[in-house]
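Throughout, protein chains are lettered first and strands after them, A, B, ... in sequence-line order, and every chain is numbered starting at 1.
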Amino acid sequence: MALSNNQIAAQLGQLAELLRAEGVNRFKVKAYHTAAEALRSYPQKVSDLLAGGQSLPKIPGIGASIGSAIQEIVQSGTLASVQRLGRGLPPGTAEIAEAIGISVREAQRLTKSLRVDTVEDLRKKLQAGEVGSAVGATLECKVRQGIEGIRRVLWVEARDLAEHFQALLTHANGCRQVEIAGSVRRGKDTVGTLALVVQTGNAPAARKVLKKHGGVEEVSEETESLIVCKLAAGPLLRVRFADAANMGAAMVEETGSPAHLLEVKGAVKASRKAVSTEETWYEVRGLPWIPPELREGRGEVEAAQNGTLPDLVQLDQIRGDLHAHTTASDGAHSLEEMVRAARARGYSYLAVTDHSKSLQITNGLDEKRLRQQMKAIDKLNASLKGFRVFKGSEVDILADGELDFEDSVLKQLDIVMASIHSRFALGKAEQTARLIRAIENPYVTCIGHLTGRKLLKRPGYELDLDKVLRAIKANNKLLEINSSPERLDIDDSLAMKARELGIQILINTDAHHIQELDFMKFGVQQARRGWQSADTVVNTLELPALVRRLRATQPRARS
DNA sequence: GCCGTTTTCGGCCCGACTGTTTTCAGTCG
């Protein structure tokens, strides 16, 4: 089989990492990576085009030089420069570096200390617990993230891919309906398998469309009612064929997690009745329809039977955003532009929470600039009707848990979002004590991106989360769900725990750009997965009630 | 190496901080 775009891209990525190790200009390294990414997302198989005698299409990021490298890979299966540069290295080094996204230098430490030369060997060593002791916890963590992340993508990327294949199959001959199911529909923060349910009278036509698609690397499973393909973009694509009478069952089976389906099976009598909708499917089992976000096998079936399913929060219930940046620190838009954008989204309030002085790279505000910003906000508020701009700060939590501003400054703010941005490697006890000290500050309103995780990139720092949550509850503070698609911090299970403890939530975007205000929908989705309803999400409150709730987080501040 | 253009060279985000790493490369927002 001709090389896939992904296989060609992998070689370009290897070359990039080898060049980096050689110490070439970092922009040249970046150019190879950019080109590799462009190739990965290019819809047609370039090896097929070249084999068919066509010239390489114009792809942004791929110029003359990388273009001829691609020709070379397609013709000979490899790049002479990769062979040459890799010659001095232990075998497998460049492949491992590229596949799991680490530098050649780091990969060299792995191949040398662990005596591995393929990603598969490395995976085995990781499972056997041998990586950490050989190369240290930091690199072990990267390896784990890299290996586990190979086939997963962020929810937003998965949704885009799913919609792409949905549109594609909708146009296939005989196709009557294509629905997105699986973890994309459940809103899971990262996705390894895209699931589609296709109602068609001509499954062979749909199969054919998939097999000749440039983004499909291989077919990994095929039965009468199913086809599973490996996508070059990473995840698997699982397509289930159904007829009208079975759409209900197919949607339920392809949407629910295995744990959810087991919960249903354990709780109610099986039924073989053909049903065309999900509602009917649940109904014949004596259950109300269960929102997809809850179908994780975390007690939702019992709750459905008891009539205690939460009334999940919805995007249109959100009244404002309480974590956003402006050009005063590292945002892309001015105070006025951010406010205009928030109003355009129908909000009643926006908190401006620029970074504080310790975070110098973000141009964090010192006391003087913060005072100026507060004045500007007062002036702006005086001219606004039916909208309130809150004076806030995303105050850095310093290494010892002290905040970046004195209490005398914090007390002048409406909102103090306290967040950690440095010293991620502190031990669990130290990190926990650091955070709790910040939580106990009387002027703190809310803790921002609590765990510090970046999806598919790094786990959160070590924390005793039970202790931290209890401290938040005891001090009547709020907890953020950060809506940035690569954070989604806190995660769904932590949100469930917060709900059980009676901790209230703010769903914020942390927008650095007006378009990022639209991240709110991702945060709402995460909140729904965490069983949150409007009464546990504080920024569903109208302005006066919100102000009262914010003040309650600062009991000694404004009595 | 690519791009865009104020066409052929300058910009591509970056500056402080961290640490066990071959004291520079990796990391944070």
Separation of A:Leu139 atom CG from B:dT22 atom P, in whole Å?
12 Å
Distance check: side-chain N/O of A:Lys112 vs OP1/OP2 of B:dT22, anything under 4.0 Å?
no
Between B:dC2 (P) and A:Leu19 (CG): distance, integer Å:
12 Å
What is the distance, rounded to the nearest whole Å, between atom CZ of A:Phe424 and atom C1' of B:dC17?
13 Å
Please give the distance between the C1' atoms of B:dC9 and B:dC14 as a whole number of Å.
22 Å
Gap in Å between the two C1' atoms, one belonging to B:dC17 and one to B:dT23, rounded:
14 Å
Decide, yes or no, whether a salt bridge links A:Arg123 with A:Glu120 under the criterion of side-chain N to carboxylate O below 4.0 Å.
yes
With sequence neighbours excluded, what pairs up with A:Phe387 under the ring-ring contact (aromatic ring centres under 6.0 Å, His included) test?
none
By the 4.0 Å heavy-atom rule, please label A:Ala35 as base, sugar-phosphate, or nothing.
nothing
B:dT18 and B:dG11: how far apart are their P atoms, nearest whole angstrom?
31 Å
The nucleotide from B:dC28, B:dT22, B:dG1 with an atom nearest the side chain of A:Arg458 is B:dC28
Which part of the nucleic acid, if any, lies within reach of A:His325 when heavy atoms closer than 4.0 Å are counted: base, sugar-phosphate only, or nothing?
nothing
Using a 4.0 Å heavy-atom cut-off across all strands, classify A:Ile62 as base, sugar-phosphate, or nothing.
sugar-phosphate
Same-atom distance (P) from B:dC12 to B:dT6, integer angstrom
16 Å
Side-chain contact test, heavy atoms from C-beta onward, threshold under 4.5 Å: evaluate it for A:Tyr32 versus A:Ser65 and give yes or no.
yes
Spacing of A:Glu486 atom CD relative to B:dT27 atom P, expressed in whole Å:
14 Å
With respect to the phosphate group of B:dG26, does any side-chain polar atom (N or O) of A:Ser103 fall under 4.0 Å of OP1 or OP2?
yes
Examine distances only and state if a side-chain atom of A:Trp155 and a backbone atom of A:Val184 form a donor-acceptor pair shorter than 3.5 Å.
yes
Would you mind telling me which of B:dC2, B:dC3, B:dT27 lies closest to the side-chain atoms of A:Lys58?
B:dC3
Which whole-number value in Å describes the distance from A:Ile66 CD1 to B:dC3 C1'?
12 Å
Just confirming the chi classification of B:dT18, syn or anti, using 90° around 0 as the syn window.
anti
What is the distance, rounded to the nearest whole Å, between atom CD of A:Glu37 and atom C1' of B:dC3?
18 Å
Are the side chain of A:Lys125 and the backbone N or O of A:Arg115 linked by a donor-acceptor pair below 3.5 Å?
no
Hey, does A:Arg20 reach any base, or is it just sugar-phosphate, or nothing, if we go heavy atoms under 4.0 Å?
nothing
Value in whole Å for how far the C1' atom of B:dC17 lies from CZ of A:Arg423
9 Å
Output the rounded distance in Å from CD (A:Glu17) to P (B:dA25).
13 Å
A:Asn5 side chain to A:Tyr42 backbone, donor-acceptor under 3.5 Å
yes
Parallel, tilted or perpendicular: which describes the rings of A:Phe424 and A:Tyr461, with under 30° parallel and over 60° perpendicular?
perpendicular
Please give the nucleotide sitting opposite B:dC28 as a Watson-Crick or G-U wobble pair, both distances under 3.5 Å, or none.
B:dG15
Taking atom C1' in both B:dC13 and B:dC28, compute the distance separating them and give it to the nearest angstrom.
13 Å
Along DNA chain B (nearest heavy atom to each residue), the more 5'-positioned of A:Ala425 and A:His355
A:Ala425
Any sub-3.5 Å donor-acceptor pair from A:Thr536's side-chain atoms to A:Gln532's backbone N or O?
no
For residues 346-354 of chain A, which side-chain N or O atoms pair as donor and acceptor with protein atoms under 3.5 Å away, sequence neighbours left out?
residue	atom	partner	partner atom	Å
A:Tyr349	OH	A:Asn539	O	3.3
A:Tyr349	OH	A:Leu541	O	2.7
A:Thr353	OG1	A:Ala324	N	2.9
A:Thr353	OG1	A:Ala324	O	3.2
A:Asp354	OD1	A:Thr326	N	2.8
A:Asp354	OD1	A:Ser329	OG	2.5
A:Asp354	OD2	A:Thr326	OG1	2.7
A:Asp354	OD2	A:Gln373	NE2	2.8

Atom pairs, N/O to N/O, protein against nucleotides 8-16 of chain B, distance under 3.5 Å?
residue	atom	partner	partner atom	Å
B:dC13	OP1	A:Lys30	NZ	3.3

Integer angstrom distance from the P of B:dT20 to that of B:dG26
15 Å
Across the strands shown, which category fits A:Ser422 at heavy-atom distances under 4.0 angstrom: base, sugar-phosphate, nothing?
nothing
